[in-house]
Amino acid sequence: MHRWSRLFIPTLREAPADAEVASHKFLVRSGYIRQLGAGIYSYLFLGQRSINKIIAIVRQEMDRIGQEFLLPGIMPSEIWKESGRWTGMGQNMFRLQDRKGAELCLGMTHEEVVTDIARKELRSYKQLPQIWYQIQTKYRDEPRPKAGLLRVRTFIMKDSYSFDLDEAGLDLSYKKHDQAYRAIFTRCGLSFVAVEADSGAMGGSQSQEFMVYTDAGEDLIVSCPKCGYAANLEKATSRLERVDELASTGDGKPELVHTPGKASIADVAEFFQILPAQDIKTVAYMAEVRDGKKTTWEPVVAFLRGDHSVNETKLAGVTKASELRPMVAEELEKFFGGPAGYLGPIGLGVSKHLHDRGVNVILDKSLEGRENMVAGANKFDYHYRNVTPGRDFGWTVSADIRSVAEGEACPLCGSPLKIGKAVEVGHIFKLGNRYTDVMGARVLDPNGKEVTPIMGCYGIGIERILTASIEQNNDTNGFWLPRAIAPFDVVVTVTNISDAKLLATGEEVAGSLEAAGFDVLLDDRDERAGVKFKDADLIGIPYRINVGKKAAEGKVELVTRARASSEDVVLGEVAQRLASQ
RNA sequence: CGGGGAGUGGCUCAGCCUGGUAGAGCACCUGGUUCGGGACCAGGGGGUCGGAGGUUCGAAUCCUCUCUCCCCGACCA
């Protein structure tokens, strides 16, 4: 039994000044964590207990499908150079040198390490499939750590890696993880959604994120309340309603119109008395393209419906850009011949294929088949009308490069879509042979033919489970965790320890609860009752047994933190009663 | 990396504009009274005012540089 009077649980009456989100405030106030530096935290007694419970659940579910390893937290640069990520991963990696000057890095992820093991040890298809996992601290030099434990520079991650002979095998490993993750997050008491995710520049084929809705989240999730469709905004699509086309004017060809001072979509729409959807939006970028060792910057111009917004993740995916930045004025002048506000598609030197000479013009699919639109004329204070894509201008690639907006129709069932903020707690990812191939992992298949195993990787942010849970379960007085991940199941509060009888009763109750298998914290501090109640409400423990006034009648109170409800329980029945909660 | 904000006792902050040698509340220690929703009274301990340099008779306060933290953006296999 843990006696509060002897523990270090530094609760704070006030939230630290630099905390913004609820989980951050409460984690600090409740004495779970203390900050050492930006994105660097110590986990104190309560925090560590909660983390341990989360890890135990993750471990238990993962052991059903895989094998736990412990991998190095520090590693030589060579394997990263082999995979091409020594430069590719760039700035997010903590790098260091040993005394001989050799380059090392702190482990931010372990694909290279497990692939190195795989290539040295795996010889035959008979050894496949393999699922290896680790639960370890990872180090990432985040450009901007924030929101307490939500985005940090050192954190605990469950990462697993699967090796399979073929796609069918990978499908199975992926599916196993999907199921394990659902079991894990369910057991942790989280309300979560699995969403389609962007596979990124990794070239993976399929990817799913496990998200918990909260305003503290950094991701935007598009979902359909009707059919269950859910996707990261970076990936989401929607069904669009047909837009009424404008009637053509004059001879039907693009007509130059003087539009003094009309530099925004809204102004132009008002000027022409049209809908923004009848206007063409032009967004101009310079894209960084890495081709092996060579890095070049190419012009990329996106055309979209006036009422749509460009989705840079999609655009980067389509153009294979490692980075996108808006064009500066000189570049606009160079490629368009006109200034921002009056950019348009007519007269651009369009490249035939991506990365060819010329401007990479990416047309959003929603503009295909449209006609008589309004667009900038690449001339200060002028626009065109009667602009018809295909007839009046061409493009390099047509693709979905826009962001879905709230209320648009679900791509599956047509119901209005919702958009909400969420935290990513897990991610499963079909990697393919990207690492196994370049690092030379090969096995012989049943025909004696050499094949490259294909990989999947699967991560869970341990602290994010705790953080997300707090975000979901808090009020002004504190938070409550589900029993499965709370540092203690129950706190037994003795309202006045100077009453020896009362203290003895509290110890007896705590002892009986412990005997019944509960994790019990006995609040035997020499504090006033009010202080103890406030602390108990603050620190995330789901139940409180109050040993006070009614003890004389042989009763205690069972307080359920989530509902702030209280019921009297006869002394002998406490364990039984709690177990039935 | 761009923009904004903040560093004063353990915590939350005032003082800075208009220089005169540091304060409040909470926390902590001692004694007493209290004891079911963060008690009260009395006494007490604790601060290189983030750091360095400069201006000045005198700097928490003015100037320069620098470090750190927070927020927005960029970024985020």
Side-chain angles (χ1 to χ4, degrees), chain A residues 10-21 24-25 28-29 31 34-41 80 83-93 107-112 115 138 140-148 150-153 155 157 159 161 197-204 207 209 218-219 232 234 285 288 312-313 316 321-326 424 427-432 434-435 455-459 461 476-478 493-499 502 523 525-538 544 546-551 556-557 559 564 566:
Chain A
T11 58
L12 261 30
R13 188 183 292 229
E14 285 169 293
D18 53 16
E20 298 255 322
V21 302
H24 186 194
K25 288 179 186 166
V28 175
R29 280 193 57 198
R34 283 295 182 266
Q35 182 171 27
L36 181 61
I40 305 175
Y41 288 86
W80 288 83
S83 72
R85 291 209 288 183
W86 183 251
T87 49
M89 203 62 131
Q91 56 282 39
N92 257 30
M93 191 151 55
M108 55 183 291
T109 179
H110 287 75
E111 281 83 9
E112 281 80 357
T115 306
K138 306 245 171 172
R140 296 188 182 178
D141 193 2
E142 287 289 341
R144 188 147 98 79
K146 60 188 276 199
L150 217 50
R151 180 165 290 277
V152 285
R153 296 196 290 177
F155 59 98
M157 187 164 171
D159 226 349
Y161 309 92
D198 176 51
S199 303
M202 304 274 309
S207 169
E209 288 167 338
E218 302 180 290
D219 286 275
N232 196 304
E234 296 175 346
Y285 293 95
E288 184 193 65
E312 293 189 9
T313 304
S322 48
E323 200 179 324
L324 287 173
R325 64 159 177 82
E424 177 185 355
H427 198 163
I428 60 179
F429 200 103
K430 288 186 182 174
L431 274 181
R434 162 168 181 165
Y435 298 95
M455 285 178 75
C457 68
Y458 318 85
T476 53
N477 295 321
T493 302
V494 179
T495 55
N496 184 355
I497 61 150
S498 55
D499 180 340
L502 212 55
D523 192 352
R525 293 175 299 166
D526 185 11
E527 290 286 355
R528 296 166 64 82
V531 172
K532 298 187 184 189
F533 296 158
K534 288 287 186 190
D535 273 344
D537 285 346
L538 175 65
R544 184 177 102 220
N546 204 54
V547 181
K549 281 182 200 159
K550 292 169 186 161
V556 295
E557 292 143 85
V559 180
S566 167

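Naming convention: chains lettered A, B, ... in sequence-line order (proteins, then strands); numbering from 1 in each chain. Scope of the values below: all heavy atoms of this structure, side chains included, with no hydrogens, waters or symmetry mates.
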Separation between CZ of A:R140 and CE of A:M108, rounded to the nearest 0.5 Å
5.0 Å
How long is the span from the NZ atom in A:K532 to the CD atom in A:E527, to the nearest 0.5 Å?
7.5 Å
On a plain distance test, is the side chain of A:R29 in donor-acceptor contact with the base of B:G38 below 3.5 Å?
yes
Quick check: any donor-acceptor pair below 3.5 Å linking the side-chain of A:R151 to the base of B:C76?
yes
Rounded distance (Å) that lies between atom [atom2] of [N] and atom [atom1] of [X]:
{"X": "A:D141", "N": "B:A77", "atom1": "CG", "atom2": "C1'", "value": "16 Å"}
{"X": "A:L150", "N": "B:C76", "atom1": "CG", "atom2": "P", "value": "18 Å"}
{"X": "A:R144", "N": "B:G3", "atom1": "CZ", "atom2": "C1'", "value": "11 Å"}
{"X": "A:D219", "N": "B:C75", "atom1": "CG", "atom2": "C1'", "value": "13 Å"}

[X]: which residues meet the side chain to side chain donor-acceptor pair (under 3.5 Å) condition with it, sequence neighbours left out?
{"X": "A:D219", "value": "A:N232"}
{"X": "A:R29", "value": "none"}
{"X": "A:K549", "value": "none"}

Within-4.5 Å side-chain heavy-atom neighbours: A:N477 and A:K534:
yes
Please write out each protein N/O paired with an N/O of nucleotides 66-69 of chain B under 3.5 Å, distance rounded to 0.1 Å.
residue, atom, partner, partner atom, Å
B:C69, OP1, A:A38, N, 2.9
B:C69, O3', A:Q35, NE2, 3.4
B:C69, O2', A:D18, OD2, 3.4

What is the base-pairing partner of B:G37, counting Watson-Crick and G-U wobble geometry with both distances under 3.5 Å?
none
Which base sits across from B:C1 as a Watson-Crick or G-U pair, both distances under 3.5 Å?
B:G73
Using a 4.0 Å heavy-atom cut-off across all strands, classify A:K146 as base, sugar-phosphate, or nothing.
sugar-phosphate
Does this structure show an ion pair linking A:R85 with A:E111, if we count only N-O contacts that are shorter than 4.0 Å?
yes
Should the pair A:K138-A:D159 be classified as a salt bridge under the 4.0 Å nitrogen-to-oxygen rule?
yes
Using the C1' atom on both, measure B:U21 against B:G47 and round to a whole Å.
14 Å
What integer number of Å spans the P atoms of B:C63 and B:C76?
39 Å
Sequence neighbours left out, what passes ring-ring contact (aromatic ring centres under 6.0 Å, His included) with A:Y161? Give chain and number order.
none
side-chain N/O A:R13 vs B:U12 OP1/OP2, d < 4.0 Å:
no
Footprint string (nucleotides 30-37 of chain B, 5' to 3'): B base within contact, S backbone only, - free, heavy atoms under 4.0 Å
----BSBB
From B:A77, B:G38, B:A74, pick the nucleotide closest to the side chain of A:T11?
B:G38
